[in-house]
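Inspection log for the structure reproduced underneath, given as structure tokens.
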Amino acid sequence: MNQVGAALHPQYRSLLTKLQLVTYSKNISSGRSFHGHLLKTGVIPSCVFLCNVLLNFYSKCCFFSDASLFFTDFPCNEDAVPWNVLINAHSQMGLAHHSLSALQLFQQMLHNCTLPNSHTFTGVLSACANLEDHLMARQAHSLVIKFVTATDVFVYTSVLRAYCKLGSLVDGRKVFDEMLDRNSVTWSTMISGYASQGLVNEAFGIFRVLVAGGNEGVNEFVLTGALSAFKSHEFLETGKQIHCLAVKNGLLEIGSVANAVVTMYAKCGNLDDSVQVFEFSNDKNSISWSAMITAYAQSGHGDKSLVLFKEMHYCGMKPNEYTVVGILNACSDIDATNVGMQVHGYLIKSGFESQVYIVTALVDMYAKCGRIIDAQKGFDSLLQPDLVMWTSMIGGFVQNGDNESAISLYCRMQREGIAPNELTLASVLKACSGLSALEQGKQIHAHVVKNGFSLEVPLGSALSTMYAKCGNLDDVNAIFRRMPARDVVSWNAMISGLSQNGLGLEALKLFEEMQLQGVNPDCVTFVNVLTACSHMGLVDKGREYFKSISKNFNIDPTTEHYACMVDILGRAGKLQEAKEFIESAPIDHGLSLWHILLSACRNHRNFELGAYAGERLMELCSLESSGYVLLSSIYSALGRLDDIERVRRMMNIRGVSKEPGCSWIELKNQVHVFVVGDLLHPEIKQARAEIWRLSKLMKDAGHLLEFDSTSEE
DNA sequence: TTAGGGTTAG
């Protein structure tokens, strides 16, 4: 007999309650023995209702093979309920292969001529979202219109959620606007959808409409969704308003809201308020601790993250994978490789180690702590690294100065068919800048244009810096002017690019323009500005800028700024003034300052002062060979052979060895590297012949060629 | 009285 839609006979009510209990407690052994009892008494298969409940029990306990075995002999599969039970249980697992099973079951259901209903579509849409299957989501949406009443808020919220998860916010908004009925889940889905795509104004706009309609729609889900949108300082005031609203409605008492407020303040640069909300929260769970640990790590207080982690342990709170990622971020922040390695050991023991985002955090930690080989081991351990992992590894190589490996990994990523995002491209562009690999950089630029990437800060800045470092100034300007918004880093990159290419005056003009546009200069800006003055020989201007750092901008000049000033004076031949400047500097004299003066003295042939600077440098126990080499050449010019010998002895005692010089050039998409004394390069003979030819031409033109007395070449 | 939609930590 067909029992589709059958109600439960009152005599089975107690059996239903018992089955629901074992499902809730996921007590598999009790459930199995109960299954046996129902079979013995003949309740199964005769009561279809209880068969559905039993199927739900196996599915909810993730015993999918038992569930499908049971389903094979099902008494009535024209009923949608058992199909829905299986489809929903699979899609709720969130994993790709389960979502695929959910969609296959749906196909079989249609093939079996069982009519889907609203419960079917919630599961199907969720599976489409998990699989990022746009086409299937659209098809499911069409079927929803055909099979489900337009007022069904559950199903239409699922359609909305699927579009949001797939990043199709325009489609999502259309569904939202056309819905005949909405509840708080619909609103929070729309708000979180916008927030997850970084569409802050849209998310906040929807939130405001909801609030304007009265406070009854405002719950913890709506608040957390809205709060998650605010990730930079410009939204701090709005974030504060939502915090106040949460307090007013008594919702800050709810742990998830407090957690979202903690993260919001940290991301908007107000760490003190994060700490306060965290400390006053009475509903702390492991998410709260992880949020605060991560907040510290990402605000540059890795040391405090580690302290809090210990406190968490003393409070008996167990860390989860998010806590671990936060701690690894903290280790990267404070260069605490040892703690990072201990966390790695803990991960191996606890079995967290194989999850992609954990490995990504590990690789990132090792790379940022300069252990690139360990980072690479982590990367190689993954069979299927995701985009974030590829990007992290490429960025790791760049941070460690191995630009060749960064570019070659990017090529491998492309061969494996993984599409890069803005951050990947920004990292590869940095590698191109480091290698002055203009052709490769241009290819990336073409990719940016072809794929419609926006020139937001990371990508726009990386692109203009690449063109600047490769000396292609027209392109730098074009990119820079086209960027929708520029932060201080973008301006710095541009000023540095101009100054490095001999356009110091343009660099200084840009510095003035930057201030007119209301962007405050930072330490790096002044390094670039002073470098521009140095290259242009603008001594007075340099002095003026140097004074203004502390006077007008309230920044304490760093050793780098002092070094720039010594360079300005040194290049201009004002060597005595440079010496007095170093000796009166209210900072640790630092090796770099004497080194710069030493080099300037040699260039200006002031050997006496050069010897003085060189001796100061030796007193500071420099381990860099170039200072010793320069001092030797000065003593050689002064004919002080004993001093040359003394410098050589000092080098030996201190274990300083001269690093071979190295240069490279990119020709026809290949970077050629030349090292001093290199006899292995296939074209070394031709290269040397060319150097001699050019040297002779220079000599004939009256240039005096100077060779380093200690050089082997 | 069997099956369904949302949030915070990377």
Side-chain angles (χ1 to χ4, degrees), chain A residues 5-10 12-13 15-17 19-20 23 47-57 59-60 79-89 91-92 116-126 129 148 152-162 164-165 182-193 195-196 219-228 251 254-264 266 281 283 285-295 297-298 319-329 355-361 364 386 388 392:
Chain A
L8 183 70
H9 194 277
Y12 293 136
R13 282 224 180 115
L15 296 178
L16 170 67
T17 314
L19 255 179
Q20 283 174 324
T23 307
C47 176
V48 172
F49 197 105
L50 284 181
C51 285
N52 287 334
V53 181
L54 193 64
L55 184 70
N56 187 47
F57 159 74
S59 307
K60 285 279 149 65
D79 185 0
V81 174
W83 292 97
N84 294 346
V85 165
L86 285 174
I87 289 171
N88 281 299
S91 70
Q92 277 165 10
N117 63 19
S118 60
H119 291 269
T120 324
F121 288 109
T122 49
V124 167
L125 284 159
S126 162
V148 184
D152 193 316
V153 64
F154 268 84
V155 173
Y156 278 93
T157 302
S158 295
V159 176
L160 166 64
R161 182 176 169 266
C164 289
K165 273 200 94 178
R182 301 185 192 117
N183 62 16
S184 67
V185 180
T186 321
W187 287 88
S188 65
T189 306
M190 190 73 251
I191 293 168
S192 309
S196 67
N219 63 13
E220 69 266 40
F221 295 107
V222 169
L223 284 180
T224 44
L227 284 163
S228 71
L251 291 166
I254 299 174
S256 61
V257 176
N259 297 345
V261 173
V262 166
T263 303
M264 180 276 294
S281 172
D283 188 16
N285 57 13
S286 64
I287 297 179
S288 323
W289 290 88
S290 309
M292 196 63 237
I293 286 170
T294 307
Q298 291 184 345
N320 62 22
E321 58 266 50
Y322 286 93
T323 328
V324 167
V325 171
I327 284 298
L328 288 172
N329 282 342
Q355 308 204 32
V356 177
Y357 56 86
I358 299 261
V359 181
T360 306
D364 204 53
D386 65 1
V388 180
S392 235

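Here is the naming used below: chain letters follow the sequence lines, and residue numbers restart at 1 for every chain.
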Is A:Thr189 side chain donor-acceptor paired with the B:dG6 base, going by distance under 3.5 Å alone? no
What is the distance, rounded to the nearest whole Å, between atom CD1 of A:Ile191 and atom P of B:dT8? 12 Å
Check every strand shown and say whether A:Val81 touches a base, only sugar-phosphate, or nothing at a heavy-atom separation below 4.0 Å. base
Applying a 4.0 Å non-hydrogen cut-off, can you work out what A:Glu321 is touching in the nucleic acid: base, sugar-phosphate, or nothing? nothing
d(CG, A:Leu15; P, B:dT2) in whole Å: 15 Å
Across the strands shown, which category fits A:Asp152 at heavy-atom distances under 4.0 angstrom: base, sugar-phosphate, nothing? base
For a quick check, tell me whether the side chain of A:Thr157 and the base of B:dG4 share a donor-acceptor pair closer than 3.5 Å. no
Closest listed nucleotide, where the reference is the side chain of A:His119 and the choices are B:dA9, B:dG5, B:dG4: B:dG4
What is the distance from CG of A:Leu19 to P of B:dT2, rounded to the nearest Å? 12 Å
Look at the side-chain N and O atoms of A:Gln298 and state whether any lies under 4.0 Å from the OP1 or OP2 oxygen of B:dA9. no
For B:dT2, is there a stacking contact with A:Phe49, counting only centres under 5.5 Å and planes under 30°? yes
Length of the CE-P vector between A:Met264 and B:dA9, whole Å: 12 Å
Phosphate contact (B:dA3 OP1 or OP2) by A:Asn88 side-chain N/O below 4.0 Å: no
Checking contacts here: which listed nucleotide (B:dA9, B:dG4, B:dG6) is nearest the side-chain heavy atoms of A:Ile287? B:dA9
Considering only side-chain heavy atoms of A:Ser192, which listed nucleotide, B:dT2, B:dT7, B:dG5, is closest? B:dT7
Would you say A:Arg161 reaches B:dG6's phosphate, i.e. side-chain N/O to OP1/OP2 under 4.0 Å? yes
Among the candidates B:dA9, B:dG5, B:dT8, find the nucleotide nearest to the side-chain atoms of A:Ser158. B:dG5
Show the nearest heavy-atom pair for residues A:Ser256 and A:Thr224, with the distance to one decimal. O-CG2, 3.4 Å
Would you say A:Val185 and A:Val153 make side-chain contact, with heavy atoms under 4.5 Å? no
State whether the distance check finds a donor on one side and an acceptor on the other, under 3.5 Å, for side chain A:Ser256 versus base B:dT7. yes
Side-chain donor/acceptor contact of A:Ser118 with base of B:dG4 under 3.5 Å: yes
Stepwise, does the side-chain contact (heavy atoms from CB on, under 4.5 Å) test hold for A:Val159 with A:Phe121? CA-CA 9 Å; A:Val159 176; A:Phe121 288 109; over 6 Å; no
With distance as the sole criterion, is a donor-acceptor pair present between the side chains of A:Thr120 and A:Asn117 under 3.5 Å? yes
Listed nucleotide nearest any side-chain atom of A:Val85, set B:dT8, B:dA3, B:dT2: B:dA3
Just call it for A:Val262: base, sugar-phosphate, or nothing, with non-hydrogen atoms closer than 4.0 Å on any strand. nothing
So what does A:Ser184 hit on the nucleic acid, given a heavy-atom distance under 4.0 Å: a base, only sugar-phosphate, or nothing? base
With sequence neighbours excluded, what pairs up with A:Cys51 under the side chain to side chain contact (heavy atoms under 4.5 Å, CB included) test? A:Ile44, A:Phe70, A:Phe74, A:Pro75
Base, sugar-phosphate or nothing for A:Asn183? Non-hydrogen atoms, less than 4.0 Å. base
How would you label the contact of A:Val155 with the nucleic acid (heavy atoms, under 4.0 Å): base, sugar-phosphate, or nothing? base
Checking all strands, does A:Leu16 fall into the base, sugar-phosphate, or nothing category for heavy-atom contacts under 4.0 angstrom? sugar-phosphate
Pairing residues for A:Asn56 by the side-chain hydrogen bond (donor to acceptor under 3.5 Å, both in side chains) criterion, not counting sequence neighbours: A:Lys60
Have a look at A:Lys165 and say if it touches a base, only the backbone sugar-phosphate, or nothing, with a 4.0 Å heavy-atom cut-off. nothing
In whole Å, what is the span from the CG atom of A:Leu54 to the C1' atom of B:dT2? 11 Å
What's the NZ-P distance between A:Lys60 and B:dT2, to the nearest Å? 11 Å
Considering all heavy atoms, the nearest A:Asn320-A:Ser290 contact: OD1-OG, 3.6 Å
Using a heavy-atom cut-off of under 4.0 Å over every strand shown, decide if A:Val185 touches base, sugar-phosphate, or nothing. base
Please give, in whole Å, the distance from B:dG6 P to A:Tyr156 OH? 18 Å
Just the rounded figure in Å: distance from C1' of B:dA3 to CG of A:Asp79. 10 Å
